[in-house]
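Here is the structure we will look at.
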Amino acid sequence: MGPRPAAGGGAGRAGAWDLADRRGLTVVRGWGEGAVVAGVARGLSYGGEHGALWLGAGLLGAALDPARRRGWLRAVAVVGGAHLVSMGVKRVVRRPRPAPETYAPLVRTAGRHSFPSSHASSAAAAAVAFAALHPPARHAVVPAAAAMCLSRLVVGVHYPSDVAAGALLGAVTAAAARTWIRTAPTGGRRG
């Protein structure tokens, strides 16, 4: 059986939510017991640190797609912005990461707070922003973003609610900027 809530761990809905969050993490963290799944989750977690994978993908898009270069650069700015906002929320909420003695993390983390997941924020922002700019990109970026989000549970450093909140924050941020991304001047030089 998975970990039990701490003594006095809340009653009613809050206690039930906390219990569901812990049980969800226990189940998904267990997937990381296999070497292949653990290796992939670690790789995604390291690649997603500070949004690096998504920022790099957007910059690659800008380099390879000169006609939409400004749009790609705007999408990169949105991904970076979503990541920064999530970091700011983390500093306000200050929810501790899952207990390492209970969930045995597979990676080291840059900070000790977990809500919301900044990896999930930047991943979801990239999925929405890149797909808005280049719709066929959704076939690669949406599954990659989902894998990134799931990896944070597999490596044991976030609760499901951290990941859900981070993904929502990133998706909403990018959705709000969709028009700005799509209406970037295209091709050529500035005149």
Side-chain angles (χ1 to χ4, degrees), residues 3 5-10 12-26 28-29 32 41-59 73-130 141 144-178 180-181:
R13 289 183 192 191
W17 184 259
D18 183 58
L19 182 60
D21 223 13
R22 291 174 190 277
R23 283 186 177 166
L25 175 57
T26 298
V28 180
R29 172 59 191 89
R42 277 189 193 104
L44 286 167
S45 287
Y46 291 132
E49 200 63 48
H50 303 294
L53 174 70
W54 310 110
L55 297 172
L59 292 172
L73 293 175
R74 287 180 178 188
V76 167
V78 168
V79 169
H83 185 81
L84 290 173
V85 169
S86 73
M87 289 173 52
V89 172
K90 247 182 220 200
R91 292 184 192 283
V92 171
V93 174
R94 303 177 68 81
R95 181 184 194 184
R97 290 196 183 271
E101 60 278 1
T102 303
Y103 299 104
L106 300 178
V107 295
R108 295 186 64 172
T109 60
R112 61 181 184 259
H113 300 116
S114 71
F115 185 91
S117 166
S118 296
H119 279 70
S121 293
S122 58
V128 172
F130 297 170
V141 76
M148 176 70 71
C149 290
L150 193 57
S151 79
R152 303 307 284 165
L153 302 173
V154 172
V155 298
V157 297
H158 282 289
Y159 294 103
S161 60
D162 301 334
V163 172
L168 181 63
L169 186 154
V172 167
T173 300
R178 246 189 304 222
W180 181 66
I181 293 167

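Hydrogens, waters and symmetry mates are skipped; everything else that's a heavy atom, side chains included, is used. Numbering of residues begins at 1 and proceeds along the displayed sequence.
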Requested in this report: Looking only at non-hydrogen atoms, find the nearest pair between Leu55 and His50 and report the distance.
Outcome: CD1-O, 3.8 Å
Report summary line: Nearest heavy-atom approach of Phe130 to Ala57 is CE1-CB, 4.0 Å
Report task. May I ask you to check whether Ser114 and Asp162 show a side-chain donor-acceptor distance below 3.5 Å? Result -> yes
Query raised in the report: Looking just at side-chain N and O atoms, do His158 and Arg97 make a donor-acceptor pair shorter than 3.5 Å?
Result: yes
Query raised in the report: Does Ser121 reach the main-chain N or O of Gly166 with its side chain, forming a donor-acceptor pair under 3.5 Å?
Result: yes
Query - Nearest-0.5 Å distance, OG1 of residue Thr109 to CZ of residue Arg152 - result: 7.5 Å
Requested in this report: Work out which heavy atom in Met148 is nearest to a heavy atom in Gly48; give both atom names and the distance.
Outcome: CE-CA, 3.6 Å
Query - Closest heavy-atom pair and its distance - Val128, Ala175 - result: CG1-N, 3.7 Å
Sequence neighbours excluded and cut-off under 3.5 Å, please list the side-chain donor-acceptor pairs for residues 75-87, or say none.
from	atom 1	to	atom 2	distance (Å)
Ser86	OG	His83	O	2.7
Ser86	OG	Ser118	OG	2.7

Requested in this report: List the steps and the verdict of side chain to side chain contact (heavy atoms under 4.5 Å, CB included) for Ser151 and His119.
Outcome: CA-CA 9 Å; Ser151 79; His119 279 70; 5.7 Å; no
Report summary line: Note: Leu153 and Pro160 closest approach over all heavy atoms is CD2-N, 3.5 Å
Query raised in the report: Which value, rounded to the nearest 0.5 Å, describes the distance between Leu150 atom CG and Leu44 atom CG?
Result: 9.5 Å
Query raised in the report: Can you tell me how far the OG atom of Ser117 sits from the CG atom of Leu168, to the nearest 0.5 Å?
Result: 12.5 Å
Requested in this report: Assess whether side chain to side chain contact (heavy atoms under 4.5 Å, CB included) is satisfied between Phe115 and Lys90, documenting all intermediate values.
Outcome: CA-CA 5 Å; Phe115 185 91; Lys90 247 182 220 200; 5.7 Å; no
Query raised in the report: What are the two closest heavy atoms between Pro96 and Tyr159, and how far apart are they?
Result: O-CE1, 4.0 Å
